[in-house]
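Worksheet: one structure, shown below.
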Amino acid sequence: MIRLRRITKFFGRNQVLKDIDLTVEKGEVVVILGPSGSGKTTLLRCINYLEKPNAGEVAIGELAVDCKRPSKKDIQALRRKTAMVFQHYNLFKHKTALENVMEGLVVVRKLAKEEARERSVRVLEKVGLGDKLDAYPSQLSGGQQQRVGIARALALEPEAILFDEPTSALDPERVGEVLEVIRNIAKEGITMIVVTHEMGFARDVANRVVFMDGGVIVEEGDPKIIFSRPKEERTRQFLKRITPEANYSI
Ligand SMILES: Nc1ncnc2c1ncn2[C@@H]1O[C@H](COP(=O)(O)OP(=O)(O)O)[C@@H](O)[C@H]1O
Ligand SMILES: [Mg+2]
């Protein structure tokens with residue numbers, strides 16, 4: 001379970017997150033939607049303290065951290081509970097797929113090399129890359145690179161995986177294979193927060209959709225309801241822009 005309470009984040013004078021409250025239950029898949037600049041990435045990064053919130057509380061499972069007084073130990077513990085999948089994959093270019101997945105296990109988690117290797121092979125097979133263990137990122141398609149990114153997150157066996165627009169840098173014909181992998185992981189009951197504009201995916205896989213704009217959560221709810229009968233005008237306008245063919249009732 002992830003629970004955010006009154007998360008506030010400033011960059012200089014620019015308040016990017018305004019008192020965000022969000023709870024994600026264990027095993028739940030939450031999709032976050034919202035226009036560029038609305039604070040989606042910053043919110044994900046606050047959950048694992050890649051960004052330090054100015055105020056509020058981040059709780060994952062039993063561990064609750066007051067953002068005004070986080071200890072180093074708390075921050076480390078929060079980071080261990082989540083893994084992130086980035087828009088631009090963030091793979092080491094000079095490491096193979098297998099080495100990319102092993103890296104965090106050996107360096108951060110201090111697993112023995114053999115155990116790290118076994119686990120990494122297993123997750124790479126799971127994302128359909130069992131035959132690409134020794135390939136370097138430059139030898140892989142964008143979709144394959146992102147699947148390595150997902151394998152790397154899975155290998156950490158986190159309590160939750162945070163996906164930040166995992167398909168938005170991909171060629172359209174590569175989007176499906178990555179969504180398919182994410183869909184399969186969701187079925188295993190891993191808690192996930194996914195920032196994406198893939199409406200079909202959100203509709204099929206999300207238990208809940210959260211719409212953000214201007215650093216606040218404008219509206220959240222069941223995807224069927226949000227996509228067909230959004231309550232807020234801002235949500236309606238946004239959905240109209242990204243899926244102009246849809247007809248939202250007022
Ligand atoms: N490291 C940073 N320094 C200063 N401003 C930032 C930084 N990261 C993000 N911002 C600003 O915060 C706002 C929200 O950004 P972001 O969380 O990336 O939004 P989104 O992911 O929804 O597009 C934007 O106005 C952006 O310019
Ligand atoms: Mg973003």
Same cluster or not: [X] versus [Y], using hydrophobic residues (I, L, V, M, F, W, Y) connected whenever any side-chain heavy atoms lie under 4.5 Å apart?
X    : Y    : answer
I2   : L50  : yes
L78  : V30  : yes
V178 : L44  : no
V195 : F201 : no
V194 : M1   : no

If we only count heavy atoms from C-beta on, is the [X] to [Y] side-chain gap below 4.5 Å?
X    : Y    : answer
V209 : F227 : yes
L170 : Y89  : yes
C67  : I7   : yes

Quick one: [atom1] on [X] to [atom2] on [Y], what's the gap to the nearest 0.5 Å?
X    : Y    : atom1 : atom2 : result
T23  : E220 : OG1   : CD    : 8.5 Å
F10  : K18  : CZ    : NZ    : 9.0 Å
D19  : D21  : CG    : CG    : 7.0 Å
T82  : L162 : OG1   : CG    : 5.0 Å
L133 : R117 : CG    : CZ    : 9.5 Å
K68  : K52  : NZ    : NZ    : 9.0 Å

Reference residue T167; test side chain to side chain contact (heavy atoms under 4.5 Å, CB included); the match among H197, Q87, Q146, E198: E198
I217: which of I32, L22, L17 passes side chain to side chain contact (heavy atoms under 4.5 Å, CB included): L22
Closest non-hydrogen atom pair, [X] against [Y]:
X    : Y    : value
H94  : Y136 : O-CE2, 3.4 Å
N207 : G27  : OD1-O, 4.1 Å
M212 : S38  : CE-O, 3.5 Å

Do we see a donor-acceptor contact under 3.5 Å between the side chains of T235 and E219? yes
Indicate whether the side chain of T41 and that of D164 have a donor and an acceptor atom separated by less than 3.5 Å. yes
Donor-acceptor pair, R79 side chain versus Y49 backbone, under 3.5 Å? yes
Under 3.5 Å, is there a donor-acceptor pair between the side chain of E180 and the main chain of E177? no
Is it the case that more than 12 heavy atoms not belonging to [X] sit under 6.0 Å from its [atom1] atom?
X   : atom1 : answer
E62 : CD    : no
R6  : CZ    : no
F11 : CZ    : yes

Salt-bridge test for [X] and [Y]: reply yes if a basic N is under 4.0 Å from a carboxylate O, no otherwise.
X    : Y    : result
R183 : D204 : yes
R69  : D66  : yes
K126 : E188 : yes
E157 : R119 : yes
E159 : R80  : no
R122 : E125 : no

Partner residues of A153 under the side chain to side chain contact (heavy atoms under 4.5 Å, CB included) criterion, sequence neighbours left out: A83, V85, I161
Going by chain and number, the hydrophobic cluster around L105 (ILVMFWY, side chain to side chain under 4.5 Å) further includes L111, L156
